[in-house]
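Single-structure report; data block below.
Order of the sequence lines sets the chain letters (A, B, ...), proteins ahead of strands, with each chain counted from 1. Because the structure is a prediction, the values reported are computed rather than measured.
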Amino acid sequence: MAKKVYVGLSGGVDSSVTATLLKQQGYDVTGVYMKNWSQDIPGYPCPWKEDFQDAKRVAVQLDIPFKMFDFEKQYHDKVVDYMIDGFKAGITPNPDIMCNQEIKFKLFLDTALENGADLIATGHYARANQGQLLTAKDANKDQTYFLYRVSEKALTKTLFPIGDYTKPEVRKLAKQFSLATAAKKESMGICFVGKVGIKEFLQQYVKTKPGKIISQDGKLLGEHDGAIFYTIGQRHGLDVGGGLPYYVTGKSMDQNEVYVTSDLNDNKLWQKSFQISSLHWINQPPTPGQKLQVRTRHRAPLEECQIEFIGSRATIKLTSQLRALTPGQSAVLYDGSHVLGGGVII
RNA sequence: UGGGGAGUGGCCAAGUGGUAAGGCACCAGUUUUUGGUACUGGCAUUCGGGGGUUCGAAUCCCUCCUCCCCAG
């Protein structure tokens with residue numbers, strides 16, 4: 001009896017190829033569209049209907065059963081609220097990491113199992129092996145940064161067929177299979193929500209006031225439209241001209257002030273160690289003092305580091321300075337191609 | 001209303017007779033399943049206003065306006 005796999009079909013190329021590969025490999029495949037968000041933001045109509053249609057088309061092409069799981073409420077509670085609360089608190093949260101943790105590899109997994117699935121699969125560029133998370137073949141597209149909070153248990157029930165291919169290969173396969181989504185453009189922006197800028201999105205939920213932009217030497221440079229919109233290292237959107245570009249080094253939510261510097265080497269922008277909390281380890285916690293690598297933003301190169309634990313937190317010590325480490329964003333630890341887990345920068 | 005200095009696109013800023021550098025910002029695009037970064041492209045027929053000299057002026061002359069500094 002072939003194993004039953006529920007594949008998350010987003011309506012994009014990657015998940016389409018995922019489903020196709022699994023079917024070829026002899027699995028009993030069911031395609032599932034997760035409806036997590038359907039609201040329009042002014043100027044940015046929500047693409048969920050087109051995505052749903054594309055997912056359905058692929059399911060029809062492959063002649064596999066197709067379902068829709070409606071997770072809108074849970075997505076809003078677990079991901080959207082988390083994101084808005086984080087921004088309100090002055091940090092820069094990463095909603096897509098939360099989405100993987102709470103929705104795709106918890107709710108979707110559980111729902112699929114309840115529906116009789118043996119396994120789930122997604123179109124992530126990553127590899128899972130016996131409960132371990134490994135980086136993708138295509139280092140350029142590797143998405144393990146977004147997956148470090150997934151549980152070992154979930155990984156034992158997850159397939160990432162795409163992880164063994166490069167993006168160009170996936171594109172080629174999609175073409176070979178004549179998938180309806182073969183030529184679809186990469187989707188970007190907050191997972192599921194569409195191409196909305198974070199600012200436009202937040203403005204739907206938060207009222208903001210103008211505040212001061214203050215330079216490294218205490219000078220008032222201008223006004224911003226709300227400290228909540230700015231994040232560490234950010235250059236654009238300040239509307240301050242005159243000479244050199246300015247980068248955000250910090251902000252005060254209480255004062256509604258944004259602090260910037262025009263000095264690229266400003267020590268506020270560079271750190272050689274930092275702390276993380278909300279630790280999550282997929283298998284075992286790493287060993288203090290062990291030589292590891294860390295990634296502090298998606299697609300950033302891996303940096304050598306060591307970890308030290310302090311209660312429920314940990315300190316990451318780097319061998320070179322990293323730019324604009326941002327509270328709320330995640331630091332993910334690797335031992336070569338093995339993803340260990342990580343935590344949230346504080 | 002005495003003296004000195006300055007006015008170039010939203011900002012900073014080259015250019016002192018030969019037909020408007022550059023940077024920042026902004027906009028668009030690329031990269032990217034968060035935010036951010038980075039990269040590419042676009043962006044003054046015009047140099048505070050008005051006259052004049054000249055084949056030709058942002059650059060010279062006259063005049064008006066504005067700002068800054070020192071005097072008072």
Checklist entry - For the side chain of Q329(A) and the base of U34(B), is some donor closer than 3.5 Å to an acceptor across the two? => result yes

Next on the checklist: Judged by each residue's nearest nucleotide on RNA chain B, which is more toward the 5′ side, K141(A) or T231(A)?
Outcome noted: K141(A)

Next on the checklist: What I want to check is whether the side chains of T135(A) and S337(A) have a donor and an acceptor closer together than 3.5 Å.
Outcome noted: no

Item to check | No-H, no-angle donor-acceptor pair, T326(A) side chain to G35(B) base, under 3.5 Å | outcome: yes

Next on the checklist: Applying a 4.0 Å non-hydrogen cut-off, can you work out what Y145(A) is touching in the nucleic acid: base, sugar-phosphate, or nothing?
Outcome noted: base

Checklist entry - If you measure from the C1' atom in U40(B) to the same atom in C64(B), how many Å do you get, rounded? => result 46 Å

Checklist entry - Which dot-bracket string describes RNA chain B (Watson-Crick N1-N3 plus N6-O4 or O6-N4, or G-U N1-O2 and O6-N3, all under 3.5 Å; [ ] crossing; | other strand)? => result .(((((((.[[[..)..(...]]].(((((.......))))).....[[[[[..)....]]]]]))))))..

Checklist entry - Taking protein heavy atoms under 4.0 Å as touching, what does nucleotides 21-27 of chain B look like 5' to 3' if B marks base contact, S marks sugar-phosphate-only contact and - marks none? => result --BBSS-

Next on the checklist: For F229(A), does the six-membered ring have the charged nitrogen or CZ of K199(A) within the cation-pi criterion, i.e. under 6.0 angstrom from the centroid and within 45° of the normal?
Outcome noted: yes

Item to check | Polar side chain donor-acceptor pair, H224(A) to D239(A), under 3.5 angstrom | outcome: no

Next on the checklist: Who clusters with I232(A)? Use side-chain heavy atoms, under 4.5 angstrom, across I, L, V, M, F, W and Y, and order the result by chain and number.
Outcome noted: none

Checklist entry - Contact class for K167(A) (heavy atom, under 4.0 Å): base, sugar-phosphate, or nothing? => result nothing

Next on the checklist: When you measure from the centre of the six-membered ring of Y247(A), is the NZ or CZ of R323(A) closer than 6.0 Å and no more than 45° off the axis?
Outcome noted: yes

Next on the checklist: Need one value for Y247(A): base, sugar-phosphate or nothing, where a base atom within 4.0 Å counts as base even if backbone is also close, heavy atoms only.
Outcome noted: sugar-phosphate

Checklist entry - Is the gap between the ring centers of W37(A) and F201(A) under 6.0 Å? => result yes

Item to check | Set of residues satisfying salt bridge (Lys or Arg N to Asp or Glu O under 4.0 Å) with respect to R295(A), sequence neighbours excluded | outcome: D142(A)

Checklist entry - Closer to the 5' end of RNA chain B via nearest nucleotide, is it D14(A) or L264(A)? => result D14(A)

Next on the checklist: E257(A): which residues meet the salt bridge (Lys or Arg N to Asp or Glu O under 4.0 Å) condition with it, sequence neighbours left out?
Outcome noted: none

Item to check | By side-chain contact (heavy atoms from CB on, under 4.5 Å) - contacts of K88(A) (at least two apart) | outcome: I84(A), V206(A), I228(A)

